[in-house]
Amino acid sequence: MYILGIETSCDETSAAIIEGKFNNKNVNLLSNIISSSINFHAKTGGIIPENAARQQIKYIIPVINNALKKPNLNFDDIDAIAVTIGPGLIGSLLVGVETAKTLSYVLNKPIIPVNHLIGHIYANFINSKIKNQNSKLNADIQFPALALIVSGGHTDLVLIKKHGSIKWLGGTRDDAAGEALDKIGRILNLPYPGGPAIEKASKDGNASHFTLPRPMIGSHDFDFSFSGLKTAVLREVKAMNKLDNKITADFSASVQQSIIDVLVKKTMNAALKYKVESILLAGGVSANEALRKKFLVQCLKFNINFFAPSKYLCTDNAAMIASAAFFNYKPTPWQKITVNPELYF
Ligand code: KG4
Ligand code: ZN
């Protein structure tokens, strides 16, 4: 079946077509069109929700048309529509959800509401050559699996027993990992978004130059906290006369290492406790190369399969939403679908 995915929860406007076949462990990606207003938000150092929604209204129809055009399909060929209903910015979510509902009504096609966070996890179920990160290349994901979702708004650990059966184990008590990176990026005068900018600056930095905290690394739960790390960086930066390239690089490397150490330690603790077969990374921060490398080393050590989406599927995209809908196929009458900015697990 062909599913049209629509994603507009934050600053991206995306539409994608996936092909799913009964009993297949992964879906095929036919198109994934993303129009990002990230450069627009770089000017303000962050997202202004009203501006994001206005951009999305402009782009939603062309983006859907392009998603269909690439695999040479038209609306008649589509079997179902999948759309992100939350969490996210209300104005942005409404653009995607109302578009999807209108299409569903006019075309008489089923519509599947998708939780954005679960969508991130399902980026791992899209066919791609570099899916499995360790030796069993292209092996399928085995359950039970543990997913670490690290995005701009969330840091959560969830246990997946099978498709549709997800148990939340823990999450951040304050800032998400991506949020901390974005805020620290601003403190260091790096461009928005901070995550990729810090990754780039880290390459010339010394990760042990600054001694930064590893918040909650030893706690016996699966919760996280990153706001103290941001405060620690702010305090150190304020104590300096000025930032030069070397100091910025050292701060970046030290911050990145601190976040990675906590994420990997907590995830491996959960993986061993619940004896999982696979670990799945998800969300924008999972594009981080140093994070992937550290996970790979740990997963090889404990003989756990490690999966991370192709980098272009780590940040927000509609392909992951369509993929989540295929494996959790629950059509809902369009009249019953509403956005939920606070949606969680
Ligand atoms: O999943 P996502 O695209 O949007 C949300 O749902 O929040 O994640 C965006 C986050 C931002 O905080 C961004 O700084 C971070 O992902 N990010 C990265 C990298 N690429 C994006 N963080 C670290 N390293 C990267 N390469
Ligand atoms: Zn996201």
Side-chain angles (χ1 to χ4, degrees), residues 5-14 16 32 34-38 41-42 45-47 49 52 56 83-89 92-93 96 114-124 147-156 171-172 175-188 190-203 205 224 226-227 229-230 252-253 255-260 262-264 280-295 308-321 323-324 341-345:
I6 297 177
E7 153 65 40
T8 62
S9 66
C10 194
D11 56 349
E12 264 88 19
T13 312
S14 178
N32 186 35
I34 304 172
S35 162
S36 175
S37 51
I38 211 158
H41 303 300
I47 297 166
Q56 284 159 325
V83 65
T84 304
I85 56 158
L89 304 170
S92 296
L93 287 165
V114 176
N115 177 330
H116 179 81
L117 300 172
I118 293 178
H120 271 303
I121 297 173
Y122 277 87
N124 285 290
L148 172 68
I149 303 150
V150 266
S151 70
H154 293 85
T155 299
D156 290 293
T172 185
D175 288 357
E179 187 179 357
L181 286 166
D182 292 341
K183 288 177 177 169
I184 292 169
R186 213 171 300 151
I187 295 170
L188 297 175
L190 290 169
Y192 174 85
I198 286 178
E199 173 166 39
K200 196 166 161 220
S202 295
K203 300 221 157 75
F224 301 89
F226 293 109
S227 84
L229 179 63
K230 173 194 65 194
S252 296
V255 164
Q256 182 173 277
Q257 196 55 54
S258 159
I259 292 179
I260 290 174
V262 178
L263 292 174
V264 174
L280 319 180
L281 260 190
V285 181
S286 61
N288 188 282
E289 200 55 52
L291 177 67
R292 288 170 179 244
K293 276 199 186 131
K294 180 137 189 191
F295 263 118
S310 300
K311 286 198 183 168
Y312 72 102
L313 294 173
C314 289
T315 44
D316 292 350
N317 66 85
M320 67 188 198
I321 303 302
S323 170
E342 308 297 332
L343 187 64
Y344 204 34
F345 290 102

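Atoms within each ligand, like the ligands themselves, are counted from 1 in listed order.
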Query raised in the report: Would you find a donor on one side and an acceptor on the other, under 3.5 Å apart, between the side chain of S14 and the backbone of A318?
Result: yes
Report task. Could you tell me whether some N/O pair between G152 and ligand 1 is separated by less than 3.5 angstrom? Result -> yes
Under 2.8 Å from the Zn ion (ligand 2) - does any N, O or S atom of H120 fall there? yes
Checking heavy atoms under 4.0 Å, the part of D316 that sits near ligand 1 is both
I'd like to know if the side chain of E199 and the backbone of E289 have a donor-acceptor N/O pair within less than 3.5 Å.
yes
Note: H120, heavy atoms under 4.0 Å from ligand 1, region reported as side chain
*Using atom types as modelled and distance alone, determine if a side-chain donor or acceptor of S286 lies under 3.5 Å from a backbone N or O of C314.*
no
A student checking ligand 1 against P193 at a 4.0 Å heavy-atom cut-off should list atoms 14 (O)
message = Quick check on the Zn ion (ligand 2): does H116 put an N/O/S atom closer than 2.8 Å to it?
response = yes
In ligand 1, the atoms that come under 4.0 Å of a heavy atom of G178 are 12 (O)
message: Tell me whether H116 reaches ligand 1 (any heavy atom closer than 4.0 angstrom to a ligand atom).
response: yes
| request: Using atom types as modelled and distance alone, determine if a side-chain donor or acceptor of T8 lies under 3.5 Å from a backbone N or O of G96. | output: yes
Donor-acceptor contact below 3.5 Å, side chain E342 vs main chain Y344 = no
**Prompt:** Given side chains that start at C-beta, do those of L93 and I85 come closer than 4.5 Å, heavy atoms only?
**Reply:** no
Separation between CG (L117) and OG (S151), nearest 0.5 Å, reads 6.5 Å
Counting heavy atoms under 4.0 Å, the part of H154 that contacts ligand 1 is neither
For the Zn ion (ligand 2), the nearest N/O/S atom on D316 is atom OD1
With heavy atoms and a 4.0 Å threshold, my read on which part of D182 contacts ligand 1 is side chain
Point to revise | N/O separation below 3.5 Å, L181 to ligand 1 | key: no
Just by distance, do the side chain of N115 and the backbone of P87 share a donor-acceptor pair under 3.5 Å?
-> no
inquiry  = Closer than 3.5 angstrom, by distance alone: can the side chain of T84 be matched with the main-chain N or O of E7 as a donor-acceptor pair?
reply    = no
The protein heavy atom nearest to atom 24 (N) of ligand 1 is N288 ND2, 3.1 Å
| message | Taking distance alone, with N or O pairs closer than 3.5 Å, would you say G284 contacts ligand 1? | response | yes
>> Tell me whether T315 contacts the main-chain N or O of G284 through its side chain, where contact means a donor paired with an acceptor under 3.5 Å.
In response: no
In ligand 1, the atoms that come under 4.0 Å of a heavy atom of G153 are 7 (O)
The atoms of ligand 1 lying under 4.0 Å from a heavy atom of T315, numbered in the order shown, are 3 (O)
- Query: Can you find a pair of side-chain heavy atoms, one from H116 and one from M320, that are under 4.5 Å apart?
  - Reply: yes
If you scan protein heavy atoms around atom 22 (N) of ligand 1, the nearest is G195 CA, 3.3 Å
Of E199, R292, K311, the one whose closest heavy atom lies nearest atom 26 (N) of ligand 1 is E199
